[in-house]
Amino acid sequence: MVRNVLGSILALAGATAAVWSPFRAWYGGRHGSTYRIDDLFSGISATKAQVAGSILLPFAFAALVTLVGLILRSRILVAVAGLITLGFAVLWMVRQGQVTGSLSVDSSGNGLGQGVAMALGGGLALLLAAGLLPGRRAAEPEPRPRFDVPTPDTPYEAPYEPRHALPADEQPPYEPPDGPPRA
């Protein structure tokens, strides 16, 4: 129970960080929401994107996969969401490194920004949450049928009677005992 709660909280925090990251500075003060999703596959350009066509889209998809994974209690879906988040963040870093020649981090606001750190941290948090979640338990096997207990679909069978038993109308009459039972 505790693992489930902690894993769910960590997964939600990771998904939140991933979705929030495009609204922070990614490189040189430029927000992640201004990078087109096409730039990740064709090379980063100076063209600014609309929010719906930006790199927010894969992170929002990863958050949706996280929510579905938490509802279904699926460790695999939460791990896939973490891999999507990390994959797109690393792909962006590769493309940005190709354009600028190198990636740098400095205190003056140039280079990698807080948005990249949030995306990478969110992806790692999702992977950690997938490892922490207990996941779904296997279904318990069906119990073996008991043959000594009749089931509703089996016809009723009278108890076994020996062959030498007499029919009810031919049984000798009942005779009371002669005295108290012997000890």
Side-chain angles (χ1 to χ4, degrees), residues 1-45 47-100 102-142:
M1 169 102 177
V2 173
R3 287 180 58 191
N4 197 15
V5 171
L6 290 177
S8 297
I9 290 172
L10 188 59
L12 290 174
T16 302
V19 171
W20 190 18
S21 68
F23 299 104
R24 308 293 295 172
W26 274 54
Y27 196 80
R30 185 175 173 187
H31 283 228
S33 61
T34 62
Y35 290 101
R36 296 180 318 160
I37 195 161
D38 296 338
D39 291 349
L40 298 178
F41 303 104
S42 62
I44 294 180
S45 65
T47 308
K48 295 194 180 213
Q50 299 293 326
V51 175
S54 71
I55 60 174
L56 171 66
L57 193 60
F59 296 131
F61 178 72
L64 179 66
V65 171
T66 301
L67 290 176
V68 171
L70 289 176
I71 290 169
L72 297 178
R73 293 179 31 194
S74 173
R75 297 171 72 172
I76 293 174
L77 286 178
V78 175
V80 165
L83 291 175
I84 290 170
T85 302
L86 283 175
F88 277 95
V90 168
L91 182 61
W92 175 86
M93 290 174 68
V94 167
R95 292 298 185 183
Q96 184 66 37
Q98 289 174 344
V99 169
T100 59
S102 67
L103 294 177
S104 63
V105 178
D106 62 13
S107 61
S108 64
N110 297 327
L112 292 175
Q114 193 177 23
V116 177
M118 288 177 69
L120 293 174
L124 289 175
L126 287 168
L127 289 178
L128 286 173
L132 189 61
L133 287 171
R136 298 175 79 178
R137 293 197 176 138
E140 294 193 19
E142 291 185 22

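Values reported hereafter were calculated over all heavy atoms of this structure, with side chains retained and with hydrogens, waters and symmetry mates removed.
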- Please name the pair of heavy atoms, one in Lys48 and one in Arg30, separated by the smallest distance, quoted to 0.1 Å. CA-NH2, 4.3 Å

- Note on the structure: For Pro58 and Ile37, the nearest pair of non-hydrogen atoms, with its separation, is CD-CD1, 3.5 Å

- Item | Side-chain touch Leu124/Thr85, heavy atoms, less than 4.5 angstrom | no

- Query: Any sub-3.5 Å donor-acceptor pair from Trp26's side-chain atoms to Ser21's backbone N or O?
  - Reply: yes

- Query: Just wondering, more than 12 heavy atoms not from Ile76 lying within 6.0 Å of its CD1?
  - Reply: no

- Can you list the steps and then say if Phe88 with Ile84 is a side-chain contact (heavy atoms from CB on, under 4.5 Å)? CA-CA 6 Å; Phe88 277 95; Ile84 290 170; 3.9 Å; yes

- Between Ala125 and Gly14, what is the shortest heavy-atom contact and its length? CB-CA, 3.8 Å

- Do Leu12 and Leu67 pass the side-chain contact (heavy atoms from CB on, under 4.5 Å) test, and can you show the C-alpha distance, the side-chain angles, and the key distance before you say yes or no? CA-CA 8 Å; Leu12 290 174; Leu67 290 176; 3.7 Å; yes

- Is a side-chain donor or acceptor of Arg95 paired with a backbone partner of Ile44 at a separation under 3.5 angstrom? no

- Would you check if Asp39 and Trp92 make a side-chain contact, meaning some heavy-atom pair closer than 4.5 Å? no

- With Gln96 as partner, the option from Leu103, Val116, Leu91 fulfilling side chain to side chain contact (heavy atoms under 4.5 Å, CB included) is Leu103

- How close do Ile55 and Gly32 get, heavy atom to heavy atom, and via which atoms? CG1-O, 3.1 Å

- Can you list the steps and then say if Leu77 with Thr66 is a side-chain contact (heavy atoms from CB on, under 4.5 Å)? CA-CA 6 Å; Leu77 286 178; Thr66 301; over 6 Å; no

- Heavy-atom side-chain proximity of Thr34 to Ser54 below 4.5 angstrom: no

- Search all heavy atoms of Ser8 against all heavy atoms of Leu133 and return the closest pair with its distance. N-CD2, 3.7 Å

- Note on the structure: Output for pair (Leu86 CG, Leu126 CG), nearest 0.5 Å, gives 8.0 Å

- Query: Where do Leu132 and Leu128 land on the side-chain contact (heavy atoms from CB on, under 4.5 Å) test, with the steps shown first?
  - Reply: CA-CA 6 Å; Leu132 189 61; Leu128 286 173; over 6 Å; no

- Message: Are the side chains of Leu40 and Tyr35 in contact, using a 4.5 Å heavy-atom criterion?
- Response: no

- Message: For Ala49 versus Arg36, what's the shortest heavy-atom pair and its separation?
- Response: CB-CG, 3.1 Å

